[in-house]
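Single-structure report; data block below.
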Amino acid sequence: MISYDEALQLTLASATRTSLETLSLREALGLVLAEDLVTPFPLPRFDNSAVDGYALSELMGGSLWKAIRTIGAGECPGEPLQPGECARIFTGAPTPPGTYAVVMQEDTALKDGAIQVSEEPQPGQNIRRAGEEFSLGAIVLPAGLPLNAAGVAAAATLGRTNVSVYRAPRVGIVVTGAELVCPGKELYEGQIYESNSYALSAALLSLGLTQEFVEVIGDDLDLTLTTLRNALQRCEVLITTGGVSVGDRDVVRGALEKLGVREVYWKVAIKPGKPVYLGTQGEKAVLGLPGNPLSVLATFTLLAQPFLKAAMGCPNPVPRRLKAKLASPIRHKPGRREFIPANLNGVTVSPILGQGSHMLGGMARADALIDVPADALEIPAEEEVWVIPFGQGSN
Ligand code: AMP
Ligand code: MG
């Protein structure tokens with residue numbers, strides 16, 4: 001059995017980066033830029049006011065300025081200010097030539113029809129200078145940057161309507177288990193509602209991905225073969241759940257082998273999620289996650305998500321880890337590295353205890369996994385532990 005670190009390395013090495021595509025800005029959120037975005041003008045584009053107030057001309061020893069006009073955002077700055085003149089100006093409006101400083105409205109008073117200031121302004125105060133952030137031709141967003149909200153906004157600032165990104169991989173979901181019934185249908189004895197496909201769709205969505213299809217099948221080898229063969233034609237990354245343990249009815253690995261999928265690994269020394277599988281067929285990959293709902297979410301976070309991020313060209317696909325102080329002690333049976341659902345609250349992390357890998361209730365309240373080293377016995381409260389944030393917004 002390989003360690004998690006080995007599995008992660010193999011996983012990243014197996015990911016084929018997707019091809020490039022040009023997408024409109026609104027479609028590009030969450031994808032990784034494949035080109036340097038260069039600014040066609042200085043940023044800011046022109047000197048402008050950072051506040052609502054008055055643009056003052058040179059001081060010339062005077063303390064009163066005659067307001068000669070008003071300049072709003074989007075308007076032309078007009079003629080240069082002459083000594084002793086000022087202009088009423090609003091945030092974002094271009095400062096006229098000859099502006100020495102802008103004073104905030106709150107720091108001014110009207111006296112005998114002229115503007116008076118309470119404190120002597122500093123030269124350049126409250127003026128956003130042209131090019132102070134980026135000069136003409138500078139790289140504003142480099143290739144390789146995942147586009148977040150600020151990223152797409154920055155691209156729009158440059159006047160871009162579309163950008164070149166690494167294409168979202170086409171992902172398919174096949175969940176297996178003879179006991180599974182889709183929610184909305186009637187349950188008979190021994191059956192349970194299928195939940196893994198919902199967990200996976202939601203987890204994909206947090207990466208900005210939508211699955212191409214969801215198939216729910218029993219544990220029959222022939223049906224599994226047909227379904228997986230079709231599925232592999234319709235996607236680049238196939239995620240399956242269930243059927244990868246050692247039971248007689250765990251037919252997924254056998255079916256994949258028959259379809260010529262090459263096994264990269266099977267079984268990783270982690271808890272939950274030990275029977276997790278990775279295989280490749282040319283540039284396609286199959287991530288075989290175990291059936292247990294908690295294992296699905298843990299192995300998605302630990303292995304499937306890094307795989308998908310690497311395929312999407314993300315420069316740092318490895319799960320983000322941070323240190324937090326343990327709120328209550330953890331007991332651990334040495335052997336496998338364990339990932340315990342937990343709540344992260346500032347710098348403190350509270351394990352959600354009593355979680356079997358078939359239990360989803362705790363996971364639904366969790367926003368992190370505590371990373372317990374394989375050889376740990378007991379970790380006392382107050383001790384610092386590694387934590388992997390997961391779920392919505394943690395990427
Ligand atoms: P398996 O890995 O196929 O042995 O499944 C392990 C456990 O997870 C069993 O208790 C299954 O009933 C359960 N399970 C498998 N697939 C699903 C699913 N899609 N939704 C909910 N539970 C599942
Ligand atoms: Mg099963």
Side-chain angles (χ1 to χ4, degrees), residues 4 7-8 11-21 23-34 141 143-153 155 163-175 195-214 231 234-241 273 276 278 280 283-289 293-322 339 341 344 363-364 366-369 387-395:
Y4 171 59
L8 186 58
T11 303
L12 297 177
S14 304
T16 308
R17 208 178 253 199
T18 56
S19 54
L20 307 188
E21 127 182 274
L23 286 182
S24 77
L25 279 190
R26 292 187 208 284
E27 295 169 315
L29 180 69
L31 298 175
V32 175
L33 256 187
L141 303 178
L145 188 79
L147 286 171
N148 61 10
V152 286
V163 285
S164 172
V165 290
Y166 292 99
R167 196 171 45 73
R170 287 182 294 129
V171 184
I173 298 174
V174 174
V175 301
S195 65
N196 286 343
S197 73
Y198 292 85
L200 289 175
S201 299
L204 288 173
L205 205 55
S206 73
L207 294 175
L209 300 175
T210 313
Q211 72 282 347
E212 303 283 315
F213 57 86
V214 174
R234 291 158 65 201
C235 67
E236 295 157 297
V237 183
L238 178 59
I239 305 181
T240 66
T241 75
V276 63
L278 173 67
T280 56
E283 298 206 327
K284 300 193 175 200
V286 184
L287 283 145
L289 311 186
L294 187 55
S295 310
V296 168
L297 283 163
T299 50
F300 185 91
T301 303
L302 297 169
L303 294 164
Q305 178 168 297
F307 180 93
L308 291 166
K309 281 188 167 185
M312 292 164 80
C314 193
N316 43 7
V318 170
R320 194 162 61 86
R321 295 202 311 169
L322 47 98
F339 296 91
L344 194 55
M363 200 66 167
D367 52 12
L369 295 170
V387 166
I388 299 174
F390 81 90
Q392 222 75 29
S394 67
N395 311 305

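Computation of the quantities below employed the complete heavy-atom set of this structure, encompassing side-chain atoms and omitting hydrogens, waters and symmetry-equivalent molecules.
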How long is the span from the [atom1] atom in [X] to the [atom2] atom in [Y], to the nearest 0.5 Å?
X	Y	atom1	atom2	value
Leu200	Leu297	CG	CG	7.5 Å
Leu20	Ser164	CG	OG	4.5 Å
Thr16	Phe307	OG1	CZ	6.5 Å
Met312	Leu207	CE	CG	6.0 Å
Ser19	Glu236	OG	CD	7.0 Å
Leu303	Ile239	CG	CD1	11.0 Å

Of all heavy-atom pairs between [X] and [Y], which one has the smallest distance, and what is that distance?
X	Y	value
Cys235	Lys284	O-NZ, 3.1 Å
Ala34	Ala143	C-CB, 3.8 Å
Ala310	Pro317	N-CB, 3.8 Å
Pro306	Leu12	O-CD2, 3.6 Å
Gly172	Phe213	CA-CZ, 3.6 Å
Leu289	Val296	CD1-O, 3.9 Å

**Complete:** Exactly one of Leu294, Leu369, Thr299 clears side-chain contact (heavy atoms from CB on, under 4.5 Å) with Phe339, and that residue is Leu369

**Asked** For Arg170, which of Glu212, Gln211, Arg234 qualifies under side-chain contact (heavy atoms from CB on, under 4.5 Å)?
**Response** Glu212

**Asked** Is there a donor-acceptor pair closer than 3.5 Å between any side-chain N or O of Gln305 and the backbone N or O of Phe300?
**Response** no

**Asked** Is the side chain of Lys309 donor-acceptor paired with the backbone N or O of Asn316 at a distance under 3.5 Å, no angle test?
**Response** no

**Request:** Go through the steps for Leu308 and Val237 under the test side-chain contact (heavy atoms from CB on, under 4.5 Å), then give the verdict.
**Result:** CA-CA 8 Å; Leu308 291 166; Val237 183; 4.0 Å; yes

Donor-acceptor list for residues 25-33 side chains, cut-off 3.5 Å, not counting sequence neighbours:
residue	atom	partner	partner atom	Å
Glu27	OE1	Ser24	N	3.1
Glu27	OE1	Ser24	OG	3.1

**Asked** By salt bridge (charged side-chain N to carboxylate O under 4.0 Å, His left out), which residues pair with Arg321, not counting sequence neighbours?
**Response** Asp371

**Message:** Please determine whether side-chain contact (heavy atoms from CB on, under 4.5 Å) holds for the pair Val163 and Leu141, giving the CA-CA distance in whole Å, both sets of side-chain angles, and the decisive distance to 0.1 Å.
**Reply:** CA-CA 11 Å; Val163 285; Leu141 303 178; over 6 Å; no

**Prompt:** Are Asp367 and Pro389 close enough that some pair of their side-chain heavy atoms sits under 4.5 Å apart?
**Reply:** no

